[in-house]
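Report on the following structure.
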Number of protein chains: 2
Amino acid sequence: MVTLSDVAKEANVSKMTVSRAINHPEQVTPELLELVEKAMDKLHYRPNSAARALVNNRTNVVKFITLEDIDTTEPYYMNLLFGVARGLTKEQYALQLVTDIGDIGKSGDDGYIITGARQADYDLFDAFDKPFILYGENRHGYDYVDTDNSLGEKIATKYALERGYEHVVFIGLDVKEPFEYSRENGYLSTMQQAQMPTQIYRAANHSHQSKKVVLDNWEKFPQNTCFVCGSDRLAVGIIWALLEKQVKIPEEYGVIGFDGVFLDQVSNPKITTIKQPTFEMGEILAQMLLQKIKLSGAPQGEVLLEPKLVVRDTTK
Amino acid sequence: MVTLSDVAKEANVSKMTVSRAINHPEQVTPELLELVEKAMDKLHYRPNSAARALVNNRTNVVKFITLEDIDTTEPYYMNLLFGVARGLTKEQYALQLVTDIGDIGKSGDDGYIITGARQADYDLFDAFDKPFILYGENRHGYDYVDTDNSLGEKIATKYALERGYEHVVFIGLDVKEPFEYSRENGYLSTMQQAQMPTQIYRAANHSHQSKKVVLDNWEKFPQNTCFVCGSDRLAVGIIWALLEKQVKIPEEYGVIGFDGVFLDQVSNPKITTIKQPTFEMGEILAQMLLQKIKLSGAPQGEVLLEPKLVVRDTTK
DNA sequence: TTGTATGCGTTATCAG
DNA sequence: CTGATAACGCATACAA
């Protein structure tokens, strides 16, 4: 193993100069800096993460906390997770996955990335003595990363109108959470701007729930209706209902989903959807948390990323 | 932060006795052991993982390497990953996710869990200087964990016959990998035992591929045929084909999938499938790797876990 | 600007 | 069986 000392010897300086060259390069003269860098390159030096962690009183570990029931959103989180992992690994950080909130104190960590948080969970967070970043909008001032949910449904609604659907209905998730309100607002504002009447239904995030909503209210959905949905799962259920009614997709009825992870592609027909930049969000989550750790907890603010419309087979 | 010294003081012993009480309890007298344990409890002592890693020349980090294209199997790996994470966290280990094999040398680690390995990848492994465990059968003597693939398809085939399907066809994955051979063998041996004629088709692991296979060979599948599949993805495609042919599922045609992760449940109708114990396999992978690290690379052998038949709506 | 000494928390070695 | 000491690799405080 190559250590600081080895590099120091190679460069004919002291260990400290090498250490400084890495952590505070501005404190060392350009000549020495170059010498040190050459020596590091030559010896393929890589800092020992454990030693660094020990002296800095860190663990170099971040916990990824999933509060939501994993089963309902699996593929979605997979992308987020790989994004987080990439962001962390760059900085020599590693990951622990926790689904049981009680497990948090059981091993060391430097901070948390929290997903699937609901209003009811916010109390927990105030007890944390480590920095954390939420994945998902909140109105409590916690740092977070999310898709621009409102923009997403604006894009979806606008597209439905442009494609000539005469009625656009919103099928949302029946949760009282900021991200859902944002999505509904995106739909509402676009419809109002177009001076179109609005119709909103809500269902739990299961395909058979949204299917039921459509079947139960079938008489309210004339031909040439497009369903703008709060998730791809809901979109899938709506497609089931439409298939059962033996109507034509996308000619007679349109469907636009939200998420764009996995489900949209394994569905038949494939779903036109609002795709979230899941991987990128994960990477940004990691960057923000690492930054927050470095700055001993300084607020990092809110980041909203642009979703993109992906046109497939459920819109004309 | 509570350290060894604090515990030592509390128990009126030296640091070393505390350290030994933790790592080599058999080397310390029962009386002292109890004293130490009480002190640890009282002070809520938790070993500093970084310090431990430093002195043991470890990183306490394991890399989870996904060689297969993530997109094709996402939800499947999610469960595996959470299982791995649980196994690691128990031992204060953390995780790094890598999809690009070139990233392996870039940061420290104590070992690897490798998924999606194909014959072509085996050369890479011999270059590793750290312990690793494969997820997935192999015939090269590498330690691995997998489902009992042969048993899985035996169960599926047997069930299809029991339920009175007169023809049972196997639709497998067109990869030349041990797990696939095992699955085919499970089907073949069961059919031969029942003195039934066999029929095998293979397709890439995409729903539209298996759909095509069924449609292209439709005349070879009389009523009362059950399709036993190498994956749920293939099963989904077969269902699409059957729906297109407007035949009755499960009365006229049956379908049995393989995997039992996510897809089987979001499909409509829901798929009868062979469910792999994915989470458990992940946990065992972690345990085996940690053990192998502890024993400086000693072979851990092979572990096959029993899959389970989950009856849903695609079999009568 | 650079170097020296010291300590982070733990474990192995060796002496008692 | 138990304890004192040194060492792991790095970074901070202080001295030069």
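Convention: sequence-line order gives letters A, B, ...; per-chain numbering from 1. When reading the values below, keep in mind they use all heavy atoms of this one structure, side chains included, and skip hydrogens, waters and symmetry mates.
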Does Glu306(B), at its CD atom, have more than 12 non-hydrogen atoms belonging to other residues, nucleotides or ligands within less than 6.0 Å?
no

To the nearest Å, give me how far apart CG (Leu32(B)) and C1' (dG3(D)) are.
12 Å

Atom CG of Asn60(A) to atom P of dC8(C): distance rounded to whole Å?
19 Å

Whichever of Gln27(B) and Arg46(A) has the more 5' nearest nucleotide on DNA chain D, that residue is Gln27(B)

Contact class for Val55(A) (heavy atom, under 4.0 Å): base, sugar-phosphate, or nothing?
base

Check every strand shown and say whether Asn56(A) touches a base, only sugar-phosphate, or nothing at a heavy-atom separation below 4.0 Å.
sugar-phosphate

Give a yes/no verdict on a cation-pi contact between Lys292(A) and Phe132(A), requiring under 6.0 Å between NZ or CZ and the six-membered ring centre and an angle within 45° of the axis.
yes

Between dT12(D) atom P and Leu54(A) atom CG, what is the distance in whole Å?
13 Å

Whole Å only: how far is the CZ atom of Arg58(B) from the P atom of dA7(D)?
21 Å

Does a nitrogen or oxygen in the side chain of His24(A) sit under 4.0 Å from OP1 or OP2 of dA11(D)?
no

Under 4.0 Å, heavy atoms only, any strand: does Asn23(A) hit a base, just the sugar-phosphate, or nothing?
sugar-phosphate

Once the angle between the rings of Phe125(B) and Tyr142(B) is folded into 0 to 90°, is it parallel (under 30°), tilted (30 to 60°) or perpendicular (over 60°)?
perpendicular

So for atom NZ, which belongs to Lys130(B), do other residues, nucleotides or ligands contribute more than 12 heavy atoms lying within a distance under 6.0 Å?
yes

Is there a side-chain contact between Arg52(A) and the phosphate of dA11(D), meaning an N or O under 4.0 Å from OP1 or OP2?
yes

Can you check the Lys9(B) NZ to dG3(D) P distance for me, whole Å?
15 Å

Atom CD of residue position Gln291(A) - does it have more than 12 heavy atoms of other residues, nucleotides or ligands inside 6.0 Å?
yes

Does the dG3(D) base have a donor-acceptor partner in the side chain of Arg20(B) within less than 3.5 Å?
yes

So, is Ser19(B) close to the dA12(C) phosphate, meaning a side-chain N or O under 4.0 Å from OP1 or OP2?
no

From dG3(C), dC10(D), dT2(C), nucleotide with atom closest to Val13(A) side chain:
dG3(C)

DNA chain C: Lys15(A) or Val28(A), which has the more 5' nearest nucleotide?
Val28(A)

Carefully, step by step, assess Lys38(B) and Asp41(B) under the rule salt bridge (charged side-chain N to carboxylate O under 4.0 Å, His left out).
CA-CA 5 Å; Lys38(B) 264 186 192 146; Asp41(B) 273 2; over 6 Å; no

Do any side-chain nitrogens or oxygens of Thr29(B) fall under 4.0 Å of OP1 or OP2 in dT2(D)?
yes

If I take atom CG in residue Asn12(A) and atom P in nucleotide dT1(C), what distance separates them, rounded to the nearest angstrom?
21 Å

Starting at the 5' end of DNA chain D and moving along, which residue's nearest nucleotide shows up first, Ala51(B) or Glu31(B)?
Glu31(B)

Rounded to the nearest Å, what distance is computed from the CD atom of residue Glu34(B) to the P atom of nucleotide dC1(D)?
17 Å

For dG9(C), does OP1 or OP2 lie under 4.0 Å from any side-chain N or O of Thr3(B)?
no

Between dT4(C) atom C1' and Met16(A) atom CE, what is the distance in whole Å?
10 Å

